[in-house]
Undergrad: 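This is the structure, below, for whatever I ask next.
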Number of protein chains: 2
Amino acid sequence: MRKLKESRRPEILDAALQVVAERGLEAVSMRSVAQRIGLTPMALYGYFRSKEELLDAVLGRLLEEIQPPPPGCGWRSVLVHLSYEVRAVAQRHPSVLPLILTRPAVSPVVLRVNDLLYQALLAAGVPPAEIPRLERLLGTVVIGHVLSEVSGRFGAGTLDPAGRRAQPGAGELPGHEALAAELDRPVDWDAEFRANVDELLDLVERRSVAERRPLAEPRPLAEPRPLVERRT
Amino acid sequence: MRKLKESRRPEILDAALQVVAERGLEAVSMRSVAQRIGLTPMALYGYFRSKEELLDAVLGRLLEEIQPPPPGCGWRSVLVHLSYEVRAVAQRHPSVLPLILTRPAVSPVVLRVNDLLYQALLAAGVPPAEIPRLERLLGTVVIGHVLSEVSGRFGAGTLDPAGRRAQPGAGELPGHEALAAELDRPVDWDAEFRANVDELLDLVERRSVAERRPLAEPRPLAEPRPLVERRT
DNA sequence: ACCTGAACACCGTTCAAGT
DNA sequence: ACCTGAACACCGTTCAAGT
């Protein structure tokens, strides 16, 4: 297990992100990434042990874009802020997202975001025994929503709602019929995301019984990244 | 756009599922699936237009394992039942799951499950304007939880909680410290899943104001599949 | 109607070698 | 210390042909 080089890692990750942005996640290959910065595919193996590791690092690189909440926020604003940040990062890099539920995210940034969540739930007065579960539920809802929105599960293909209802093999769909008017309405995803987060935070609030705990001042979530000249 | 053959589709899907079960999702290739039933890779293109289409069909095949709720259930039991069914299917085929959030699921089964959800929410007395969002939220939580559980996001790699806290580059983690006792406890995922579903259904119940609507008797969700002899 | 064979343009990764 | 070149064992898919 050789030691990995560090020097050009950021440059390589940027190249990978460019490939994803321009040609999609499946276009990312050791060959395509290497080519973009004038290297042989094999050169990348000095920096990452495998393609998997490279992709994990790409995901970590994205999460570093998450901004910490502004100082002086209450627990609820902290949670709202972080949810919106995650969604914003996701919308900036839609094609990379499928990685997030497929690969375990163990970068230091994830840990620090989780820590902010824990602190906020403590500050909300949630009993400690309930906090890990509520933190996971919150994360699941935020990530699940964002992923569904960005990668097609909500879209349900190209069929409009009416067409979907009339699909062959579907048979009788009394629920769809009763809700036809609602289902044909276009969806405001921004509003839906806000409503979901809000409702979950109500749920959190209802769980709080204990005495509240003060929130620490937030600090930057990631080290400032080294600057890299791009050769495009 | 040629018409696709039907005859041996079930046989091919079974072969694909066997490959996934034995060697994982990445081992599924036109070559490996074809080989398992004594065909040339090219023969599959008579039944599926591409590997993508084959994988979509595999996902559809899984969803057909979902059992409809027993007759005479109240709306709440219907929703609980369906959540547990989805989780059970997921646990039976863990490696196939990543497909579910990556590919839009438009099989007739999805439609019929959605329809049961709509009917249950109507029966619960939720105002129609709220139902599509709540249905999506429910789906997101169930699928998100199951996926996280099965494909590693909750696992967070091989590090135990204590080891994770001590990771290099993590810095100060006051939230983790305050919750150390809780975080070191092993998690009962069954209980956590039940608690999440329960809490969401409470949330649904709090949304119900209108007069309730009777539930129709549930019917089978999928046609019984044609029998296929396996040649192993 | 259903399937095969050869070919094309790709993959990730190993190993030994080059400066 | 950092990178290259050739090679291996794979991919999905097209096209023309075979029975």
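Proteins get letters first, then strands, A, B, ... in listed order; numbering begins at 1 in each.
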Undergrad: For DNA chain D, what is the dot-bracket line, given that a base pair needs Watson-Crick (N1 to N3, plus N6-O4 or O6-N4) or G-U wobble (N1-O2 and O6-N3) geometry with both distances under 3.5 Å, and | means paired with another strand?
TA: ||.|||||...|||||.||
Undergrad: With sequence neighbours left out, what residues match A/D188 under salt bridge (charged side-chain N to carboxylate O under 4.0 Å, His left out)?
TA: none
Undergrad: Which nucleotide in the set C/dC3, D/dT4, D/dC3 lies at the smallest distance from any side-chain heavy atom of A/T40?
TA: D/dT4
Undergrad: Counting only side-chain N and O atoms of A/Y45, is one of them less than 4.0 Å from OP1 or OP2 of C/dT13?
TA: yes
Undergrad: NA contact type, B/F48, heavy-atom cut-off 4.0 Å: base, sugar-phosphate, or nothing?
TA: nothing
Undergrad: What orientation do A/H145 and A/W189 show, parallel under 30°, tilted 30 to 60°, or perpendicular over 60°?
TA: perpendicular
Undergrad: Given D/dT13, C/dC3, D/dC3, which nucleotide is nearest the side-chain atoms of A/Y47?
TA: D/dC3
Undergrad: Salt-bridge test for B/E182 and B/R185: reply yes if a basic N is under 4.0 Å from a carboxylate O, no otherwise.
TA: yes
Undergrad: Any luck finding a side-chain donor-acceptor pair between A/Q119 and A/D115 under 3.5 Å?
TA: yes
Undergrad: Taking the nucleotide of DNA chain C with the closest heavy atom to each, which residue, B/P41 or A/S29, is nearer the 5' end?
TA: B/P41
Undergrad: Strictly below 4.0 Å, N to O, side chains only: are B/E11 and B/R8 in salt-bridge contact?
TA: yes
Undergrad: Taking D/dC10 as the reference, what is the distance to C/dC8 when you measure between their C1' atoms (whole Å, please)?
TA: 15 Å
Undergrad: Taking only N and O in the side chain of A/R31, is any of them less than 4.0 Å away from OP1 or OP2 of C/dT13?
TA: no
Undergrad: Please report, rounded to the nearest Å, how far the P atom of C/dC11 is from the CG atom of A/L44.
TA: 13 Å
Undergrad: Under 3.5 Å, side-chain donor or acceptor atoms of residues 91-100 of chain B against the rest of the protein: list the pairs with distances, not counting sequence neighbours.
TA:
unit_1 : atom_1 : unit_2 : atom_2 : d
B/R92  : NH1    : B/E65  : OE1    : 2.5
B/H93  : NE2    : B/E65  : OE1    : 3.1
B/H93  : NE2    : B/E65  : OE2    : 3.0

Undergrad: CE of A/M42 versus P of D/dA7: gap in Å, rounded?
TA: 15 Å
